[in-house]
Participant: 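Pasting a structure here, questions to come.
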Amino acid sequence: MRLSLDTLTLCNYRYYYGQHDIHFSNDPRKNVTVIKGDNGAGKSNILNALTWCLYNEEVHADKKTVSLPSMNTEYIAELALNNKTGEASVILTITVDGEMWEIKRTISGYGEKDPLWTEEEPKYRFHESFNGLKVTYPSNGDYKKVDGVVAQQLINELLPSALRSFFFIDGEQLREFFKVDASTNLQEAIEKLSQLELVKKTESSLETYRKYLRNKLQENNPATSRVQNEINEKETLVRRLEDDKERLKKQSKEYQTEIDLINDFLQNYNIGTISLVSKDIARLEKSIKEAQEQYVKELNSKNHYLVIRAPSILLMDTIDDADKIIQQLIEVGDLPPKIKESFIQELLEKGTCVCGTPLTEKSRKTLKDYAEKIQISELTGIAFEGKEKFARHKDLINEFPEKIDSFNQNLEEYEDEINKWNIELQEKREELLKYNIDEINEKSRKSDELGHKIGEINLKLKAANRRLDETGKELKQLYIREGDEIAKSKAHSEFTDKIELVQDTLKVLKKVEERVKEKIRLSLEENTKKYFLSFLREEGLFRDVTIDHDYKVSVINNQGWNNLGDLSAGQYLILGYAFVVALRTITGYQAPVIVDTPLGKLDPTHQDNITKNLPMLLDKAQLIFLVTSSEYTPTVQRNFSPYMDVSSYYEIQKCQNITSARLSQNGN
């Protein structure tokens, strides 16, 4: 089947007030249509219009516009002010194997003023009353119209909803496709495009027919009833276990996808850098605290020294005068004084102690002996000891300025260190403010939690596999017993022959399915590798692309390592393009390719490679590119020009009202 887009008509849809028509080129030799618009101008609304018209889903809607109604807000205001009901629609005309189809989706409703409406800030609400789909298609030489569920079924047969992401492509999403575990999506895409679903439906129908035949045989041959009941129980158990396995695998993939997204988030925030900055902050805070403690200790030492030395400093002049007097007295011989000798002689002459008690002979003798022993040197020493104390006081006073300078210098050094570290600490804290630490910690915790859950799921899967193996062996024995019971009665050979034929057919279909899937997988692997390496500008950086039996993709670098998790944003996008081209090549599924932001994150060399090769590789496909001004470079224009008519170029210009845009063909 070959499908191409002819026209897209937007009427009061999203940014497009009034009616706007786009005519897509479907000339096989001129298969490229370009629609250029700046970010936010309404470019993605074109892709939204296509998916909304076909599937009632705006899968590429910008997060900012999700809350906006599908009807143009300027038109809603007009309805509200005039108290009218209106409608918005998207009409898509397509050619299917040379015959024209029309697909139209319409919404209708009315607008009203929002309760918060003011003249300065007018606000409006939209109340949807109808959303309907209508398809007009050729039938027996005439045209037939259907709507609702029947219309949606027709569209799903033309272009299944599960496949839309491989034809209606958001460049940003395509770039993210291989960043997470895409194996399930790859398998679904391969089975859809290669029509393996038909084989699975046939298998399901044969399984149902086999059950019917067994029930009939059981009704006509009670002897087989017990063993067939056991078979039914075991087969039911097998289906339940397989369903459990699929559910667990799906859950595990969802958890792994979430982990991959978290890791991608954490990688953008460079956890290693955050850890180093956090350690630097802790180190600086500790150093500042220690320096402040040393500063306080040094300041206390200085204050203590000042308290001790303050009397000496204050009495410095008095001490100098006293020292001079002592020196003069020593020089004239008045020091040391003969106080002790005269005092003892006076006591002996009086004959009494200072307390009035008469001196005994023994006391007199002791005093005389003591007077005779007194040496002048003793008194001289006392005098000179006082002199030395004065000298020491003078030395302490003299060293005071140097000591204070030393204290002040140490305090200044501590202050400088504290100030320097505080500045560095402030810089580190400002650097850390760039990161939402709480969010990062929460995501890290969530990643660990999900990893633990995946471990639990793996244990459950192992247990389910063991039970499946055991049940499979039991089923084989039951089938043998069933055959023995059936063989005992030749009267029911009609049913047994049919059952045997159905079982043989199922075995053949299983083998056909496995062989087709393997052939497709190998072809997909080979072509994805070929296109990926041809699109890349870095020759020799990668040497292989593999897709294993579980549809897990690996990109092998020239050292033999799987580099899939470390590709650049541009390399992920190139891998996505290579896969899309390979998928179409091997399945022969002919449908248009519409890409929004097709060259985002690609450097000029890769933009050149992609835009040169895509039109050639998809020579039978209709290509529609929704590009920004920065993407549509002179080089890209030159590469597209052989595949474009002048009329196949459109520009979107945002109106002064940010909720409306104007679409012009070839700049007119």
Side-chain angles (χ1 to χ4, degrees), residues 32-41 43-44 47 60 62 165-166 169-180 182 260-261 263-265 267-270 273 527-545 553-559 561-583 593-618 623-644 649 651-652:
V32 173
T33 300
V34 171
I35 302 171
K36 187 183 80 171
D38 292 330
N39 289 328
K43 177 170 52 66
S44 294
L47 195 56
H60 304 289
D62 190 279
S165 59
F166 295 102
I169 300 168
D170 184 326
E172 294 294 318
Q173 292 181 3
L174 186 63
R175 197 173 72 242
E176 301 293 320
F177 185 79
F178 289 99
K179 282 190 176 183
V180 298
D260 290 338
L261 292 173
N263 290 340
D264 192 42
F265 169 87
Q267 193 175 33
N268 290 336
Y269 283 92
N270 199 336
T273 299
N527 285 291
T528 301
K529 172 186 174 181
K530 180 175 72 175
Y531 299 134
F532 177 67
L533 297 179
S534 68
F535 288 160
L536 282 174
R537 62 180 170 85
E538 304 99 334
E539 292 185 6
L541 184 60
F542 303 104
R543 71 184 189 199
D544 202 2
V545 175
V553 177
S554 299
V555 177
I556 311 301
N557 63 20
N558 54 14
Q559 285 87 31
W561 297 96
N562 180 10
N563 213 71
L564 181 66
D566 298 306
L567 297 179
S568 68
Q571 288 167 345
Y572 278 118
L573 181 56
I574 290 169
L575 182 61
Y577 277 129
F579 176 76
V580 168
V581 175
L583 196 61
V593 174
I594 303 102
V595 191
D596 184 13
T597 320
L599 306 173
K601 305 294 184 180
L602 291 179
D603 58 41
T605 304
H606 281 132
Q607 286 185 353
D608 185 33
N609 287 346
I610 291 292
T611 52
K612 273 182 182 176
N613 286 291
L614 271 183
M616 289 189 296
L617 294 171
L618 299 175
L623 297 177
I624 300 160
F625 295 108
L626 306 170
V627 300
T628 62
S629 298
S630 60
E631 290 179 294
Y632 201 52
T633 64
T635 300
V636 173
Q637 293 177 43
R638 185 179 65 250
N639 291 341
F640 280 165
S641 61
Y643 308 98
M644 284 181 62
Y649 173 72
E651 284 188 14
I652 303 170

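All of these numbers come straight from a predicted model, not from anything done at the bench.
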Participant: State, to 0.1 Å, how close Arg543 and Leu533 come at their nearest heavy-atom pair, and which atoms those are.
Facilitator: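 Smallest interatomic distance, heavy atoms only, reads O-CD1, 4.4 Å.
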
Participant: Would you check, one step at a time, whether the test side chain to side chain contact (heavy atoms under 4.5 Å, CB included) holds for Leu575 with Leu567?
Facilitator: CA-CA 10 Å; Leu575 182 61; Leu567 297 179; 4.2 Å; yes

Participant: For the atom pair CG (Leu623) and OH (Tyr643), what is the distance rounded to the nearest 0.5 Å?
Facilitator: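 Reported to 0.5 Å precision, the distance equals 10.0 Å.
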
Participant: The criterion is side-chain hydrogen bond (donor to acceptor under 3.5 Å, both in side chains); which residues satisfy it with Glu631, sequence neighbours excluded?
Facilitator: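 side-chain hydrogen bond (donor to acceptor under 3.5 Å, both in side chains) list for Glu631, sorted by chain: Thr628.
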
Participant: Side chain to side chain contact (heavy atoms under 4.5 Å, CB included) between Phe625 and Val636: does it pass, once the steps are laid out?
Facilitator: CA-CA 11 Å; Phe625 295 108; Val636 173; over 6 Å; no

Participant: How would you list, by chain and number, every residue that makes a ring-ring contact (aromatic ring centres under 6.0 Å, His included) with Phe535, sequence neighbours excluded?
Facilitator: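 If we apply the ring-ring contact (aromatic ring centres under 6.0 Å, His included) test to Phe535, skipping adjacent residues, there are no hits.
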
Participant: Who pairs with Lys530 by salt bridge (charged side-chain N to carboxylate O under 4.0 Å, His left out), at least two apart in sequence or on another chain?
Facilitator: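 Checked Lys530 against salt bridge (charged side-chain N to carboxylate O under 4.0 Å, His left out); zero matches.
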
Participant: With rounding to the nearest 0.5 Å, note down the distance linking CG in Leu573 to CG in Leu602.
Facilitator: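 Leu573 atom CG to Leu602 atom CG measures 4.5 Å (nearest 0.5 Å).
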
Participant: Quick one: pull up CD in Gln607 and OG1 in Thr633 and give me the separation to the nearest 0.5 Å.
Facilitator: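 Reported value, rounded in 0.5 Å steps: 5.5 Å.
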
Participant: Residues in salt bridge (charged side-chain N to carboxylate O under 4.0 Å, His left out) with Asp38, at least two apart?
Facilitator: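 None.
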
Participant: Tell me every residue that passes side-chain hydrogen bond (donor to acceptor under 3.5 Å, both in side chains) with Thr605, counting only those two or more places apart in sequence or in another chain.
Facilitator: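 Thr605 satisfies side-chain hydrogen bond (donor to acceptor under 3.5 Å, both in side chains) with no residue once adjacent residues are dropped.
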
Participant: Salt bridge (Lys or Arg N to Asp or Glu O under 4.0 Å): which pairs involve residues 605-615, sequence neighbours left out?
Facilitator: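 Every salt bridge (Lys or Arg N to Asp or Glu O under 4.0 Å) pair that includes a residue of residues 605-615, provided the two are not neighbours, is Asp608-Lys612.
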
Participant: Over all heavy atoms of both residues, which pair between Lys43 and Thr597 is shortest? Give the atoms and the distance, please.
Facilitator: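 Heavy-atom minimum between the residues: NZ-OG1, 3.5 Å.
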
Participant: Would you check, one step at a time, whether the test side chain to side chain contact (heavy atoms under 4.5 Å, CB included) holds for Leu599 with Val627?
Facilitator: CA-CA 8 Å; Leu599 306 173; Val627 300; 5.5 Å; no

Participant: Counting only N and O atoms by type, is there a donor-acceptor contact under 3.5 Å from the side chain of Tyr531 to the main-chain atoms of Asn613?
Facilitator: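 No.
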
Participant: Which atom pair, heavy atoms only, marks the closest approach of Val545 to Thr528?
Facilitator: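 Nearest pair, atom of Val545 first, then Thr528: CG1-CG2, 4.1 Å.
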
Participant: Just by modelled atom types, is the Gly37 backbone N or O under 3.5 Å from a matching donor or acceptor in the Tyr632 side chain?
Facilitator: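 No, because the side chain of Tyr632 does not come within donor-acceptor range (under 3.5 Å) of the backbone of Gly37.
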
Participant: For Thr611, what residues pass the side-chain hydrogen bond (donor to acceptor under 3.5 Å, both in side chains) criterion, not counting sequence neighbours?
Facilitator: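 side-chain hydrogen bond (donor to acceptor under 3.5 Å, both in side chains) check on Thr611 returns Asn639.
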
Participant: Applying side chain to side chain contact (heavy atoms under 4.5 Å, CB included), name anything that partners Asp544, two or more places apart in sequence or on another chain.
Facilitator: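 For Asp544 the side chain to side chain contact (heavy atoms under 4.5 Å, CB included) partners, ignoring immediate neighbours, are Lys529, Thr546, Ile556.
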
Participant: Are Gln571 and Val555 close enough that some pair of their side-chain heavy atoms sits under 4.5 Å apart?
Facilitator: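 Gln571 vs Val555: side chains apart.
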
Participant: Under the rule for side-chain hydrogen bond (donor to acceptor under 3.5 Å, both in side chains), what residues qualify as partners of Asn562, not counting sequence neighbours?
Facilitator: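 For Asn562 the side-chain hydrogen bond (donor to acceptor under 3.5 Å, both in side chains) partners, ignoring immediate neighbours, are Ser554.
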
Participant: Drop me the distance from Ser44's OG to Ile652's CD1, to the nearest 0.5 angstrom.
Facilitator: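 Spacing of OG (Ser44) from CD1 (Ile652) equals 8.5 Å.
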
Participant: Pair Val581, Asn527 - check side chain to side chain contact (heavy atoms under 4.5 Å, CB included), show working.
Facilitator: CA-CA 8 Å; Val581 175; Asn527 285 291; over 6 Å; no

Participant: Taking atom OH of Tyr577 and atom CG of Leu614, what is their separation to the nearest 0.5 Å?
Facilitator: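 So the gap between those two atoms works out to 6.5 Å.
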
Participant: To the nearest 0.5 Å, how far apart are OH in Tyr649 and OG1 in Thr33?
Facilitator: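 Tyr649 OH to Thr33 OG1: 13.0 Å, rounded to 0.5 Å.
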
